[in-house]
Amino acid sequence: MADTGDEDCQYRIKEGDYVVLKRGDIFKAVQIQPRKKVIFEKQWFFLDNAVGHLYSTTFDIGSGGALQPQKLKENESCSDAKEAGTDNRHIVDDGKSQKLTRDDIETLKEQGLKGQEIIQQLIENSSTFRDKTEYAQDKYIKKKKKKYENTVTVLRPTCRILAMMYHGREPGKICHLRYDTLAQMLTLANIHAGSKVLVFETCAGLVLGAVMERMGGFGSVIQMYPGGGPVRAGVESFGFPAHFHDTLHEFPICHVNALLAGTLDTTAKEPSADENQSGVVAEEEQNQREVEPQSMETSTADAVGDDQEKNEKEKRKEAKTQVKKLKLEEKRKKLAAVASLLEARNADGLVIASRFQPCSVLMGLLKFLAPSRPFVVYSQYKEPLIECYTKLREHGGTVNLKLTDSWLRHYQVLPNRTHPLLLMSGGGGYLLSGTTVATDHQKPAGAQRAEEPAPKRLKLTDTEA
Amino acid sequence: MSFVEYGDLIQDGDIAIVYLSHDSMMAVKVQQGAQTQTRYGVIRHSTDLIGQRYGSKVTCSKGGWVHVLHPTPELWTVCLPHRTQILYTTDIATITMMLELKPGSIVCESGTGSGSLSHAILRTIAPTGHLHTVEFHQQRAEKVAEEFKEHRVDHLVTVRNQDVCKDGFGVTGVADAVFLDIPKPWEAVGHAKAAMRKQGGRVCSFSPCIEQVQKTCEALADQGFQEISTLEVLLRVHDVRTVSLPLPDFGPDPSAPARPDTKEQNHASVTLKTTTPPREMPGHTGYLTFATKPRL
RNA sequence: GGCUGGGUACUUCAGAUGGUAGAGUAUCAAAUUUUUAUUCUGAGGGGCCAGGGUUCAAGUCCCUGUUCAGGUG
């Protein structure tokens with residue numbers, strides 16, 4: 001018993017966990033924090049009561065925003081001999097079939113009636129319900145349940161759930177990357193434990209997190225990022241254990257050219273101009289620190305408030321620059337470590353999904369891959385990928401190029417009522433995938449280029465001869 | 001004006017289509033003295049519509065303008081008042097071709113619903129064909145009959161208020177084609193066969209659910225129909241748009257000749273024209289099941 | 001009074017003619033210098049006002065209330 005309890009432990013909701021709330025097809029990612037008011041689907045509540053329960057538990061939202069685990073309903077819809085019509089030929093849409101007014105319904109709600117009870121009231125006061133067909137009655141109840149049942153399910157975050165959440169909630173933030181397309185990417189790029197994968201994305205960290213989930217904390221992920229720093233808000237939501245983050249590295253793309261050219265300077269002792277300057281700064285700071293107490297004394301002696309303020313300002317400034325310096329140093333060390341990871345040019349996979357024109361990104365980052373390794377590029381539009389395809393064919397060094405998009409369709413499956421739901425085609429973005437191959441270094445670049453169309457030319461000469 | 005023949009000028013009593021934008025238009029009954037409000041201002045029928053050519057640009061009270069179009073079944077489909085779910089032009093186009101409709105065809109239809117398909121059928125079979133349409137809901141049957149009259153196609157159509165599964169189409173041995181849009185089409189297959197000419201013809205059944213299709217196909221086969229085939233047509237509409245993609249900054253490239261304009265490149269972006277399909281297409285409408293009644 | 005068109009992000013908006021998953025303000029973060037702040041870059045934040053009725057077992061459906069705008073008498 002105790003053992004099973006321990007086993008269960010990892011499936012239980014804990015304070016501080018990142019979780020996903022679900023109601024119907026709507027998701028929202030939140031962190032469990034004590035007494036934190038959560039607003040979801042225009043309802044507010046507290047997640048405190050969820051702590052200790054198993055993941056995937058559904059809760060009723062009580063008054064005061066307290067959650068109550070939903071009791072398992074046994075024989076929910078007691079199958080009384082139901083009264084139902086055979087068709088709708090005698091139903092007239094005159095808007096008079098519901099006897100309850102809006103005020104009546106509001107009153108029922110205020111009286112604290114449960115969703116199920118309100119629905120029962122609506123049915124009992126409908127003059128047409130019993131004449132509807134069995135299927136129409138089902139649909140009516142389903143619609144009302146959606147409106148009146150105040151429940152929320154707490155889920156453990158996964159790539160599947162977060163991808164669906166982002167697509168529904170903030171598609172712009174993930175460049176409209178649809179979940180079926182993300183699934184293709186992870187498989188096409190052969191993401192698995194123990195590999196070294198390059199990721200360039202502007203999808204809020206969703207793609208990065210998805211890759212990390214598939215690596216299970218083994219191997220290394222290098223995030224190539226544009227601008228001032230990597231964006232990882234989405235990675236947080238995955239709630240990975242701490243050791244996963246040890247496998248995550250970052251490298252700013254603004255240094256890619258330098259790294260490729262071998263001119264990236266990551267050593268601290270190099271007497272480059274930059275280092276000299278920072279050295280000077282350090283010395284000055286030391287001097288200032290020595291002077292500080294004196295200036296403090298003088299200012300108090302003079303009893304000039306302005307001076308005091310000035311001093312404090314300076315103090316803060318210094319502290320700031322000091323912190324900054326430490327940060328810079330740390331950054332430099334990290335950069336050096338990642339640069340050496342990249343310089344080996346033996347990465348196992350490359351995943352690109354961004355709002356940028358992907359062509360130069362792809363051509364640049366492919367150089368860090370070992371031969372015979374998969375890569376995949378996502379773009380919201382197909383034109384940039386056509387350009388990538390063309391460039392790669394000209395350039396050589398890749399095979400098995402495929403430009404794809406996928407369509408996605410959900411289905412309603414009910415007895416005698418099975419049919420497709422919405423079709424999502426287009427708008428989910430496009431993929432270009434392929435595999436790197438060794439380039440022939442003995443031949444000059446020009447000769448390589450000429451090599452690609454060679455088979456065709458050969459054919460032509462053959463026929464001519 | 002009639003739905004089966006163009007007229008040049010807008011006349012009192014016509015149905016005109018006021019085109020406000022590509023996704024918003026309204027059908028208006030033209031009446032001497034009447035006026036119509038739009039978001040661009042008011043349209044006065046006597047001065048703005050009557051006597052104008054169809055296709056004219058009409059200036060509204062507030063300086064805005066709209067186009068006034070001659071009705072067609074396709075325009076009617078997008079602005080008719082719904083009493084039921086309706087068939088849209090993509091399905092209608094498929095049905096018209098696969099039922100082999102043409103001027104002179106005799107067609108049986110049930111249920112009539114809001115008459116979206118009926119108008120398209122009438123346009124195709126005019127001036128010598130006939131549509132027998134059956135609707136079991138009395139108010140719906142009456143309403144659509146009124147519309148046929150207003151649209152001046154009532155001479156081409158007979159509306160019957162009865163249950164096609166029980167009582168059939170009210171005619172036998174005359175139809176070149178039969179169309180079923182009812183919950184239990186398999187119960188009407190016998191009547192469909194009876195309504196058709198002995199020389200044979202085509203039948204179509206529209207159903208949202210696959211189980212309905214299975215039962216219908218079985219019934220069609222039992223009744224000796226041939227070439228039984230079910231299909232679905234999906235339309236993708238594309239928006240043409242100009243988008244711009246930023247170019248990434250890889251830093252100065254030592255291997256490339258130094259350029260003075262590297263800073264400009266940092267903020268550079270490329271613009272391109274592309275098509276963006278809507279991310280969600282209209283939901284599933286239904287499966288179209290076709291079959292041929294062989295010549296006896 | 002009758003008519004027409006709107007209500008989604010914490011908040012405020014989104015085209016007089018093919019731009020409603022797009023933004024601004026505010027917030028937060030990085031960079032910068034001019035430091036109780038400035039400038040600039042980026043990020044987080046979205047399920048569509050409320051209620052009812054209807055369509056086949058698919059809404060590109062309808063009505064009422066509320067609120068805002070236009071326009072008409």
Side-chain angles (χ1 to χ4, degrees), chain A residues 23-28 39 41-42 87-88 91-98 100-106 122 126 128 132-136 138-140 147 167-173 176 202 204-205 226-229 231-234 236 309 313 316-317 320 412 414-422 427, chain B residues 19-24 26 35-42 44 57 60-67 77-88 111 113-114 137 140 181-185 206-212 239-241 267 276 279 282-287:
Chain A
R23 192 165 139 196
D25 297 322
I26 316 289
F27 300 90
K28 181 172 181 148
I39 299 172
E41 287 289 281
K42 290 175 185 166
D87 57 55
N88 66 16
I91 291 180
V92 182
D93 184 8
D94 57 3
K96 290 175 185 162
S97 56
Q98 180 55 253
L100 293 181
T101 64
R102 175 211 317 285
D103 288 345
D104 293 339
I105 294 165
E106 286 297 321
L122 283 169
S126 164
T128 49
K132 290 178 194 281
T133 65
E134 179 194 340
Y135 302 138
D138 266 9
K139 194 169 175 177
Y140 181 89
K147 186 166 279 185
H167 178 260
R169 190 169 268 263
E170 305 265 20
K173 296 270 151 63
H176 293 82
T202 57
V231 172
R232 289 180 184 163
E236 287 265 287
E309 267 182 35
K313 259 189 204 170
R316 257 182 280 144
K317 205 170 164 183
K320 229 178 180 178
Q412 166 179 291
L414 287 172
N416 293 322
R417 282 157 289 170
T418 299
H419 63 75
L421 298 171
L422 292 182
Chain B
Y19 181 99
L20 299 157
S21 79
H22 71 114
D23 60 354
S24 145
M26 54 206 289
Q35 54 187 40
T36 300
Q37 285 285 348
T38 76
R39 67 161 172 278
Y40 302 118
V42 75
R44 289 166 221 275
K57 185 191 265 193
C60 303
S61 59
K62 202 58 186 177
W65 46 267
V66 297
H67 285 285
T77 288
V78 298
C79 55
L80 65 84
H82 289 38
R83 283 83 71 181
T84 62
Q85 178 65 278
I86 64 166
L87 280 165
Y88 291 95
S114 302
H137 193 280
R140 291 206 281 263
D181 182 1
I182 54 174
K184 295 176 181 172
F206 174 93
S207 295
C209 305
I210 199 67
E211 293 88 347
Q212 295 171 295
D239 280 343
V240 177
R241 247 181 233 188
H267 301 287
T276 59
R279 50 187 214 118
H284 169 71
T285 57
Y287 300 104

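As the structure is a prediction and not an experimental result, all values here were calculated from the model. Naming convention: chains lettered A, B, ... in sequence-line order (proteins, then strands); numbering from 1 in each chain.
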Syn or anti: how is [N] classified when any glycosidic angle within 90° of 0 counts as syn?
N     : answer
C:A26 : anti
C:U20 : syn
C:A29 : anti
C:G51 : anti
C:A43 : anti

Considering only heavy atoms and no angle criterion, is a donor-acceptor pair shorter than 3.5 Å present between the side chain of A:K173 and the base of C:G45?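 Such a pair is found, so the answer is yes.
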
[N] versus [M] - spacing of their [atom1] atoms, nearest Å:
N     : M     : atom1 : answer
C:C10 : C:G46 : C1'   : 12 Å
C:U12 : C:G5  : P     : 25 Å
C:A9  : C:A43 : C1'   : 15 Å
C:U20 : C:C13 : C1'   : 11 Å
C:G1  : C:G6  : P     : 22 Å
C:G45 : C:U54 : P     : 40 Å
C:U39 : C:U32 : C1'   : 8 Å
C:U67 : C:C62 : P     : 23 Å

[X] [atom1] - [N] [atom2] separation (whole Å):
X      : N     : atom1 : atom2 : value
A:E170 : C:A21 : CD    : P     : 13 Å
A:K28  : C:C48 : NZ    : P     : 13 Å
A:E106 : C:G51 : CD    : C1'   : 8 Å
B:L20  : C:U4  : CG    : P     : 12 Å
B:R44  : C:G71 : CZ    : P     : 13 Å
A:K147 : C:C49 : NZ    : P     : 12 Å
A:R23  : C:C48 : CZ    : P     : 10 Å
A:D103 : C:U64 : CG    : P     : 17 Å

Report, as a single string ordered 5' to 3', how protein heavy atoms within less than 4.0 Å touch nucleotides 55-61 of chain C: B base, S sugar-phosphate only, - not at all. BBBBBBS

Over all strands shown, is [X] touching base, sugar-phosphate only, or nothing at heavy-atom distances under 4.0 angstrom?
X      : answer
A:E134 : nothing
B:G64  : base
A:T128 : sugar-phosphate
A:L100 : nothing
A:Q98  : sugar-phosphate
A:H176 : sugar-phosphate
A:K42  : sugar-phosphate
B:S61  : sugar-phosphate

To the side chain of A:Y140, which of C:G46, C:U4, C:G53 is closest? C:G53

Report the nucleotide, chosen from C:G65, C:G19, C:G44, that has the shortest atom-to-atom distance to any side-chain atom of A:R102. C:G65

[Y] and [X], any side-chain heavy atoms less than 4.5 Å apart:
X      : Y      : value
B:R39  : B:S21  : yes
A:P171 : A:H176 : yes
A:Y140 : A:L122 : yes
B:H137 : A:I91  : no
A:P226 : A:T202 : yes

Between A:T101 and B:V66, whichever has its closest RNA chain C nucleotide further toward 5' is B:V66

Please tell me which of B:Y19 and B:T38 maps to the more 5' nucleotide of RNA chain C, matching each residue to the nucleotide holding its nearest heavy atom. B:T38

G-U wobble or Watson-Crick pairing nucleotide for [N] (cut-off 3.5 Å, both distances):
N     : value
C:U20 : none
C:U4  : C:A69
C:A43 : C:U27
C:U54 : none

Tell me whether the side-chain N/O atoms of B:R39 come closer than 4.0 Å to OP1 or OP2 in C:G70. no

N or O in side chain of B:Y40 less than 4.0 angstrom from C:G5 OP1/OP2: no

What's the separation between atom OG1 in B:T285 and atom CZ in B:F206, rounded to the nearest 0.5 Å? 4.5 Å

Distance check, rounded to the nearest 0.5 Å: B:D181 atom CG versus B:L87 atom CG? 5.0 Å

Least distance between heavy atoms, A:P420 atom then B:Y287 atom: CD-OH, 3.1 Å

What are the two closest non-hydrogen atoms of B:I182 and B:P185, and how far apart are they?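 Heavy atoms only, the tightest pair is O-CD, 3.2 Å.
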
Applying ring-ring contact (aromatic ring centres under 6.0 Å, His included), name anything that partners B:H67, two or more places apart in sequence or on another chain. B:W65

Inspect the surroundings of CG in B:D23 and state if more than 12 heavy atoms from other residues, nucleotides or ligands are less than 6.0 Å away. yes

